[in-house]
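Any value given below was found using the heavy atoms of this structure, including those in side chains, with hydrogens, waters and symmetry copies removed. Sequence positions, counted from 1, serve as the residue numbers for this chain.
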Amino acid sequence: MMSNNSQYVAIDVSKSALDIAMPGANRIWRSSNTLTGVAALRKRLQPLEHPHIVCEATGRYARLLAQQMEQANIPLSIVNPRQVRDFARATGQLAKTDALDASIILRFADAMQPAPTPPTPENQVRLAEQVRRRRQLVDMLATEKQRLCGLDNADTLASIRAHITFLQGQIDQCDARIKAEIGADASLTRKAALLESIPGIGATTAAVLIAELPELGRADKKQIAALAGVAPMNRDSGQWRGQAHITGGRLSVRCALYMATLPAIRCNPTIRAFYQHLRAQGKAPKVAITAAMRKLLIIANTIVQHDKPWANLA
């Protein structure tokens with residue numbers, strides 16, 4: 001948590017604009033989400049002794065802002081939009097506009113004093129983009145394959161098959177770029193080797209974990225499970241009393257874990273024994289698989305933390 005001398009500046013980031021709430025100002029002002037617009041923001045920040053930027057996570061839209069604030073040595077916190085919306089509801093702010101969003105982010109920052117978000121290395125950004133693009137291509141490929149069913153027209157079938165071939169080629173190129181990006185960095189290469197030593201985790205899952213869960217190996221087991229969205233959250237209210245459910249987290253990471261856990265249940269002795277034990281206790285398959293996903297992630301976190309491959313894990 002930052003000290004109280006931080007002067008929070010809240011920004012609602014969109015594709016083309018930055019709506020900015022300054023401490024002590026009565027109005028929200030807008031700047032473009034461009035180099036020129038961010039330069040104007042930096043000029044506005046000059047009178048502040050300890051400026052600290054706070055914005056919601058918006059993916060690539062906040063990348064320019066983050067880069068420029070890092071260059072200016074101005075701390076920036078990227079916060080969870082859900083937390084901000086919950087804070088807004090708790091304070092009775094139900095309306096939603098860009099200006100109101102900036103105002104509520106500023107109130108949230110003053111109340112919660114979020115810690116600065118560490119800057120993301122450029123190679124991590126490139127890797128995340130390639131992993132994301134691969135996922136998009138795989139989704140498109142699955143859709144095209146589904147379109148083959150029930151078709152008789154030769155021209156239509158030929159068009160779909162040609163597109164399938166093209167998409168598969170694009171996926172192969174993505175795989176090559178992901179491999180090259182990991183291979184160009186010794187620490188990423190080591191992390192990938194450690195993850196791929198775990199039975200059930202292959203190159204694709206390892207790349208997703210490296211790109212989209214950079215906290216792996218640095219967080220404790222509860223934190224890492226929550227970040228991935230596989231931590232059980234109690235719901236002791238009404239008819240849900242005594243039940244726990246997973247919620248939130250990073251969907252892409254959770255999907256990758258699911259696809260890795262299915263083979264791990266077959267080929268990883270630790271995960272297989274754990275899954276079979278839960279099923280023998282009467283746990284539903286879905287519940288047992290989710291618990292196995294969590295265990296596989298915790299194992300991966302431990303292996304990266306201790307820098308020891310699966311074979312050497314005590």
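Using a cut-off of 4.0 Å between Lys/Arg side-chain N and Asp/Glu carboxylate O, Glu215 and Arg218 are scored as not salt-bridged. Using a 4.0 Å cut-off between charged side-chain N and carboxylate O, Arg89 and Asp86 make a salt bridge. Taking a cutoff of 4.0 Å between a charged side-chain nitrogen and a carboxylate oxygen, Arg177 and Glu129 do not qualify as a salt bridge.
Clustering ILVMFWY residues whenever any of their side-chain heavy atoms sit less than 4.5 angstrom apart, transitively, puts Ile265 in a cluster other than the one holding Leu278. A single hydrophobic cluster is seen to contain both Val79 and Met112, as judged by linkage of ILVMFWY side chains at heavy-atom distances under 4.5 Å, directly or through other members. A continuous path of Ile, Leu, Val, Met, Phe, Trp and Tyr side chains, each step under 4.5 Å between heavy atoms, connects Ile299 with Leu209, placing both in one hydrophobic cluster. Both Ile74 and Val38 sit in one connected hydrophobic cluster of ILVMFWY residues. Membership requires side-chain heavy atoms under 4.5 Å apart, directly or through other members. Cluster annotation: Val84 is not connected to Leu65 through the hydrophobic network of ILVMFWY side chains, with a link wherever side-chain heavy atoms come within less than 4.5 Å.
Of the possible donor and acceptor atoms, none in the side chain of Thr261 sits under 3.5 Å from a partner among the backbone N and O of Ala264. At least one donor-acceptor pair closer than 3.5 Å links the side chain of Arg272 to the backbone N or O of Arg266. Checking side-chain atoms of Asn301 against main-chain N and O of Ala219 turns up a donor-acceptor pair under 3.5 Å. Judged purely by atom type and a 3.5 angstrom limit, Thr205 has no side-chain atom pairing as donor or acceptor with the backbone of Ile201. Ser197 places no side-chain N or O within donor-acceptor distance of the main-chain N or O of Pro309, the cut-off being under 3.5 Å. Formation of a donor-acceptor pair under 3.5 Å by the Arg279 side chain with backbone atoms of Lys283 is found in this model. In terms of modelled atom types and a separation under 3.5 Å, the side chain of Asp12 and the main chain of Asp101 share no donor-acceptor contact.
Contact annotation: the side chain of Gln136 never approaches that of Asp139 to less than 4.5 Å [non-hydrogen atoms, C-beta and beyond]. Two residues are said to be in side-chain contact when any heavy atoms from C-beta on lie closer than 4.5 Å; Ser252 and Arg135 meet this criterion. Considering only heavy atoms from C-beta on, Leu48 comes within 4.5 Å of Met22 through its side chain. Residues Ile11 and Val54 fail the side-chain proximity criterion, which asks for heavy atoms closer than 4.5 Å. Taking the side chain as every heavy atom from C-beta outward, Leu41 and Trp29 approach each other to under 4.5 Å. By the 4.5 Å heavy-atom criterion applied to side chains, Lys15 and Asn33 are not counted as neighbours. In this structure, Arg147 and Ser159 have side chains that are not in contact, with every pair of non-hydrogen atoms separated by 4.5 Å or more. Val131 has its side chain out of reach of Thr204: every pair of non-hydrogen atoms, C-beta onward, lies at least 4.5 Å apart.
Going from atom CG of Leu76 over to atom CD of Gln67 covers 11.5 Å, rounded to the nearest 0.5 Å. Here Ile78 contributes atom CD1 and Arg63 contributes atom CZ; the two are 10.5 Å apart, rounded to the nearest 0.5 Å. A distance of 11.0 Å separates CD in Gln7 from CD1 in Ile53, rounded to the nearest 0.5 Å. Atom OG1 of Thr156 sits about 6.5 Å away from atom CG of Leu151, to the nearest 0.5 Å. Rounding to the nearest 0.5 Å places CG of Leu216 at 10.0 Å from CD1 of Ile303. The CD atom of Gln124 lies 6.0 Å from the CG atom of Leu188; values are rounded to the nearest 0.5 Å.
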Show the numbers, then the answer: is there a side-chain hydrogen bond (donor to acceptor under 3.5 Å, both in side chains) between Thr34 and Ser32? CA-CA 5 Å; Thr34 62; Ser32 62; 2.7 Å; yes
Output, in order, the C-alpha distance, side-chain angles, deciding distance and verdict of side chain to side chain contact (heavy atoms under 4.5 Å, CB included) for Leu213 and Val208. CA-CA 7 Å; Leu213 195 63; Val208 173; over 6 Å; no
Stepwise salt bridge (charged side-chain N to carboxylate O under 4.0 Å, His left out) test for Arg250 and Glu212: CA-CA 8 Å; Arg250 298 170 193 172; Glu212 303 191 335; over 6 Å; no
Quick one: do Cys174 and Leu137 satisfy side chain to side chain contact (heavy atoms under 4.5 Å, CB included)? Show the steps, please. CA-CA 9 Å; Cys174 257; Leu137 290 166; 4.0 Å; yes
Would Ile224 and Val230 count as a side chain to side chain contact (heavy atoms under 4.5 Å, CB included) if you check the C-alpha gap in whole Å, the side-chain angles of each, and the deciding distance to 0.1 Å? CA-CA 9 Å; Ile224 207 69; Val230 293; over 6 Å; no
Would you please test Trp310 and Leu194 for side chain to side chain contact (heavy atoms under 4.5 Å, CB included) and show each step? CA-CA 7 Å; Trp310 168 264; Leu194 290 169; over 6 Å; no
Test Lys191 against Asp307 for salt bridge (charged side-chain N to carboxylate O under 4.0 Å, His left out), laying out the working first. CA-CA 8 Å; Lys191 187 179 283 190; Asp307 195 30; over 6 Å; no
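Enclosure of atom CE in Met259 is not indicated, since only 12 or fewer non-hydrogen atoms of other residues, nucleotides or ligands lie within 6.0 angstrom. Counted within 6.0 Å of CZ on Arg60, heavy atoms from surrounding residues, nucleotides or ligands total 12 or fewer; the atom is thus considered open. Around OH of Tyr258, the count of heavy atoms belonging to other residues, nucleotides or ligands within 6.0 Å does not exceed 12. Counting non-hydrogen atoms of other residues, nucleotides and ligands closer than 6.0 Å to CD of Gln281 gives a total above 12.
Side-chain contact, Gln130 with Arg133: no donor N or O sits under 3.5 Å from an acceptor N or O.
Taking all atoms of both residues into account, the shortest heavy-atom contact from Val13 to Cys55 is CG2-CB, 3.9 Å. The shortest non-hydrogen separation linking Ile28 to Ala21 is CD1-CB, 3.5 Å. Gly183 approaches Thr189 most closely through the heavy-atom pair CA-OG1, 3.5 Å. Scanning both residues, Asn268 and Pro199, for their nearest heavy atoms gives ND2-O, 3.0 Å. When all heavy atoms are compared, the tightest approach of Ala109 to Pro114 is O-CD, 3.7 Å. Of all heavy-atom pairs between Ala228 and Arg254, the closest is O-NH1, 3.3 Å.
Between His52 and Tyr8, the ring-plane angle classifies as tilted under the 30° and 60° cut-offs.
Geometrically, Lys295 engages Phe274 in a cation-pi contact, judged by NZ or CZ lying under 6.0 Å from the ring centre and within 45° of the ring axis.
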